[in-house]
Amino acid sequence: MSLSVARGTYNPEKGRFHFYVSFKPGLDPTAEERGVQAAFPVQVALSVTETGELADLAFELPQPCRNKDSVLFLQKTDSARVVEQRVFVTVPALNGDAVFQTTANLELDGAGRIIGLEIN
């Protein structure tokens, strides 16, 4: 299974783009309503290409998400790896040129499964 990445418009006040990374199959990363039942803030290290596309990212799972049910969609995603409590994601065919650290919201569905990551 592959992941879906959506890039929002550039925010000149913050000097960056908004990204949404979807891990749940069939979830539209551009949808306003994604069925989110819970969200946890996480620190994310990410790299972007010269054109501002998301190339890869890494973050640590919050304590409530460190179980097999929560990481179900992550484990089924070809370009995501869960190693202990850390998650590493690469976007196929893209190489990052710049690395940033920022905050994001890890989103879960009603069953407690991680469905996506909203990067502000």
Side-chain angles (χ1 to χ4, degrees):
M1 204 175 354
S2 63
L3 65 121
S4 299
V5 178
R7 181 179 78 175
T9 56
Y10 180 73
N11 182 338
E13 292 177 11
K14 292 185 178 180
R16 59 183 165 201
F17 289 98
H18 172 267
F19 294 99
Y20 189 83
V21 181
S22 171
F23 302 109
K24 183 177 180 179
L27 179 68
D28 180 1
T30 62
E32 288 288 322
E33 291 294 322
R34 296 184 288 264
V36 177
Q37 296 297 312
F40 295 94
V42 293
Q43 289 291 316
V44 178
L46 58 94
S47 65
V48 295
T49 65
E50 287 180 354
T51 59
E53 298 296 326
L54 183 64
D56 57 61
L57 61 97
F59 61 93
E60 186 172 332
L61 290 168
Q63 187 64 39
C65 300
R66 296 179 184 176
N67 60 66
K68 67 177 183 154
D69 293 332
S70 290
V71 298
L72 179 69
F73 294 134
L74 288 169
Q75 291 177 328
K76 292 183 177 184
T77 302
D78 296 334
S79 55
R81 297 289 176 260
V82 179
V83 180
E84 295 180 13
Q85 67 260 17
R86 299 198 191 293
V87 177
F88 302 94
V89 179
T90 58
V91 179
L94 294 179
N95 293 313
D97 293 324
V99 178
F100 301 95
Q101 186 161 352
T102 189
T103 58
N105 287 316
L106 193 61
E107 297 181 339
L108 284 70
D109 65 8
R113 300 171 298 196
I114 296 169
I115 60 172
L117 182 70
E118 184 174 35
I119 304 169
N120 301 317

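All values derive from a computational prediction rather than experimental measurement.
- Considering only residues two or more places apart in sequence or on other chains, Pro64 meets the side chain to side chain contact (heavy atoms under 4.5 Å, CB included) condition with Phe40, Pro62.
- Scanning for side-chain hydrogen bond (donor to acceptor under 3.5 Å, both in side chains) contacts around Asn105 gives an empty result, with sequence neighbours left out.
- Between atom CG of residue Leu94 and atom CG of residue Leu54 there is a gap of 8.0 Å, rounded to the nearest 0.5 Å.
- A search for side chain to side chain contact (heavy atoms under 4.5 Å, CB included) contacts involving Asp56 returns Ser47, Thr90, not counting sequence neighbours.
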May I have the step-by-step check of side chain to side chain contact (heavy atoms under 4.5 Å, CB included) for Val42 and Leu117, ending in yes or no? CA-CA 9 Å; Val42 293; Leu117 182 70; 3.9 Å; yes
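- The side-chain heavy atoms of Ile115 and Val36, taken from C-beta on, include a pair separated by under 4.5 Å.
- By the side-chain hydrogen bond (donor to acceptor under 3.5 Å, both in side chains) test, Asp69 pairs with no residue at all, sequence neighbours left out.
- With rounding to the nearest 0.5 Å, the separation of CD in Gln75 from OG in Ser70 is 10.5 Å.
- At least one side-chain heavy atom of Ile119 sits under 4.5 Å from a side-chain heavy atom of Leu57.
- In this structure, CG on Leu46 lies 7.0 Å from CZ on Phe19, to the nearest 0.5 angstrom.
- One hydrophobic cluster holds both Val89 and Phe100 under the rule that ILVMFWY side chains link at heavy-atom gaps under 4.5 Å.
- Not counting sequence neighbours, the partners of Arg66 by the side chain to side chain contact (heavy atoms under 4.5 Å, CB included) test are Glu60, Leu61, Gln63, Gln85.
- Not a single side chain to side chain contact (heavy atoms under 4.5 Å, CB included) links Asn95 to another residue, sequence neighbours left out.
- Checking Leu3, Leu108, Ile114, Asp109 one by one against Phe73, the side-chain contact (heavy atoms from CB on, under 4.5 Å) holds for a single residue, Asp109.
- Note that NE2 of His18 is 10.0 Å distant from OG1 of Thr102, once rounded to the nearest 0.5 Å.
- Each salt bridge (charged side-chain N to carboxylate O under 4.0 Å, His left out) pair with one or both residues in residues 37-48, not counting sequence neighbours, would appear here, but there are none.
- The two atoms that bring Arg113 and Leu72 nearest to each other are CD-CD2, 3.9 Å, heavy atoms only.
- There is no path of hydrophobic side-chain contacts, each under 4.5 Å, that joins Phe88 to Val44.
- The salt bridge (charged side-chain N to carboxylate O under 4.0 Å, His left out) pairs that include a residue from residues 33-43 are Arg34-Glu107, Arg34-Glu118, where partners are two or more places apart or lie in different chains.
- Using modelled atom types, one side-chain atom of Arg81 and one backbone atom of Asp78 make a donor-acceptor pair closer than 3.5 Å.
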